[in-house]
Amino acid sequence: MVDLNSLNLCQFDVVVVGGGMVGATQAIALQNAGLSILLLEQRVPQQDELARPPLRVSAVNLASETLLQSLGIWSAIGESDKCRFDQLATWEQRDNKLIFDATEIERPHLGYLVRNEAIQLAAFDRILNTSENKITLSNAHLSSLKQDDDKVTLRLSEPGSSKNQVDVFAKLVIGADGALSKTRQLAHIGTTGWEYAQHCFSITIKTEFPTQHITWQEFQQTGPKAFLPLEDGYSCLIWYDAPQTIAQLKQLSPEALKQEIINCFPPLVGDFNVVTSASFPLVRRQANQYFNGRVVLVGDAAHVINPLAGQGVNLGFKDVETLMELLNNTDLSQHGLLASSLRRYQFKRKADAQIMSGAMDLFYHSFSNDKAVLKSVRNIVLGVVHNQAWLKAQALKKAVGL
């Protein structure tokens, strides 16, 4: 971390605000393009975080895996921190399962389930330990920004204090600072969205059965129940339900919660114990614009979707890939050229995020009820997809980013 005062009046090609999974990946991609980068992240991940049981897990699809490989991040993720899955299954009635298999699209696997902190740590390993490092890392807080045709001026302050402030300059600012993005707010970009009627409860279990290479999801009237396999004897269970139900579940002892899982989840293949848990509300949020002037948004700063199919982080990595494809041929100092590239980025990525959000909402609302007519239609649709190889393969290719 550089000292705040050493940044005063410094000029960078790009300032990336937020060093989470997407922001850190974005910084590395920019560095590979030969640009000078300032990465603002208040909390640098520590290696000892991987010694704790996993809690937040991302489903990294084939397209995202390829991106992370190309940037040298994937190889830094430990084998015990990611779990390959070859199949994914979904159903409402257990005798009518729709199972997708990697062999149906001639691939060795469909993706990996990876601990969030492992992805971020691998990215920071690349940032901090590469010989061609052009990334300046700071834990400074973004207090304000103003922009003109030529540059963005960012006022930075010490974390937790506004007394000591400095100004830095950038040709481009990328907001990767999450769903409550300060960058988005300072760029005067509004959002539309809502909270869903359910919350999500993530439960880490220690399993006494071999690692499973299938991830599955059962739709129930009260909400989906999902299984995410991990290595080292851990797995995550995802429980959607009404906020009051989740609040009650959070108060249970590990033993009592285990019994509720046995009562409500599809049967697991062996015994397990509850290790830890966390809950969060389900939110849909879409930025009205993905850029304004010389400020552009990626990841959750631009779009938050229902995590039903685990596509949120993959949308963020696609943002990184698309933005870099456009910036590689853009002189950042040229206002008109930059604006043209950012308009193309917005056109491509906003449409994709809206389509994915709509698809997740369709699944969510269609399956979150017990009306007889809809239940019959749902099972017919699942049966049609199951029996149509071409249709099934196309749906699977979309899910894995091909």
Side-chain angles (χ1 to χ4, degrees), residues 54-62 82-105 107-115 198 200-241 257-258 260-272 274 277 282 306-314 359-360 362-364 366-368 375 378-379 381-387 391-393 395-401:
L55 191 55
R56 297 298 298 270
V57 176
S58 291
V60 175
N61 67 19
L62 295 178
K82 57 190 177 189
C83 180
R84 185 192 82 249
F85 62 95
D86 309 326
Q87 294 181 318
L88 63 88
T90 185
W91 66 86
E92 182 176 25
Q93 296 178 349
R94 294 176 193 176
D95 59 352
N96 187 23
K97 294 183 179 180
L98 178 59
I99 300 176
F100 296 94
D101 193 289
T103 59
E104 294 171 324
I105 54 172
R107 299 282 172 159
H109 58 272
L110 298 177
Y112 280 83
L113 292 157
V114 191
R115 296 175 60 150
Q198 295 181 328
C200 182
F201 194 32
S202 176
I203 309 163
T204 303
I205 60 173
K206 186 72 172 178
T207 60
E208 297 185 14
F209 49 84
T211 299
Q212 305 293 290
H213 293 289
I214 179 173
T215 179
W216 50 253
Q217 184 164 244
E218 179 179 79
F219 288 96
Q220 299 180 0
Q221 182 181 357
T222 55
K225 307 289 189 293
F227 170 77
L228 310 179
L230 294 169
E231 296 288 354
D232 282 357
Y234 288 109
S235 289
C236 283
L237 304 177
I238 306 299
W239 187 327
Y240 284 59
D241 218 314
L257 181 55
K258 175 181 177 178
E260 287 299 313
I261 293 168
I262 292 171
N263 293 340
C264 299
F265 265 71
L268 302 181
V269 299
D271 198 12
F272 66 94
V274 173
S277 62
L282 298 177
N306 192 312
L308 192 62
Q311 289 297 319
V313 73
N314 295 307
M360 294 304 99
L362 179 62
F363 275 107
Y364 175 80
S366 296
F367 282 89
S368 296
K375 194 169 186 177
R378 291 193 298 259
N379 283 287
V381 170
L382 290 177
V384 168
V385 175
H386 177 74
N387 292 311
L391 183 61
K392 193 177 178 185
L396 187 52
K397 286 180 179 179
K398 178 65 176 176
V400 300

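We number each residue from 1, following the sequence as shown. Not measured: the values here are computed from a predicted model.
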Self-check item: Worked check of side chain to side chain contact (heavy atoms under 4.5 Å, CB included) between D271 and K258
Solution: CA-CA 10 Å; D271 198 12; K258 175 181 177 178; 2.9 Å; yes

Heavy-atom pair of closest approach, residues [X] and [Y]:
X    : Y    : result
C236 : P54  : SG-O, 4.5 Å
P108 : A102 : C-CB, 4.0 Å
D101 : Q87  : OD2-NE2, 2.8 Å
L228 : I238 : CD1-CG1, 3.9 Å
L113 : P229 : CD1-CD, 3.1 Å
L237 : I261 : CD1-CG2, 3.6 Å

Output the distance between atom [atom1] ([X]) and atom [atom2] ([Y]), rounded to the nearest 0.5 Å.
X    : Y    : atom1 : atom2 : answer
Y240 : N306 : OH    : CG    : 4.5 Å
R56  : R115 : CZ    : CZ    : 13.0 Å
K225 : E218 : NZ    : CD    : 8.0 Å
L88  : L110 : CG    : CG    : 5.5 Å
R84  : I214 : CZ    : CD1   : 12.5 Å

With a 3.5 Å distance limit and no angle check, can you tell me whether [X] reaches the backbone of [Y] through a side-chain donor-acceptor pair?
X    : Y    : result
S202 : L55  : yes
Q220 : F265 : no
Q212 : V269 : no
N314 : A59  : yes
D232 : Y234 : no

Quiz item: Under a 4.5 Å cut-off applied to non-hydrogen side-chain atoms, are W239 and I203 in contact?
Solution: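 Sidechains of I203 and W239: in contact.
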
Exercise. Answer whether the closest heavy-atom distance between the side chains of L268 and E208 falls below 4.5 Å.
Key: no

Exercise. If the plane angle is over 60° it's perpendicular, under 30° parallel, otherwise tilted; pick one for W216 and F227.
Key: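 Rings of W216 and F227: parallel, under 30°.
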
Quiz item: Between E231 and T211, does any side-chain donor sit less than 3.5 Å from a side-chain acceptor?
Solution: yes

Exercise. Determine, stepwise, if the pair R107 / D86 fulfils side chain to side chain contact (heavy atoms under 4.5 Å, CB included).
Key: CA-CA 9 Å; R107 299 282 172 159; D86 309 326; over 6 Å; no

Quiz prompt | K206 charged N/C atom sitting above F272 aromatic ring, 6.0 Å / 45° | solution = no

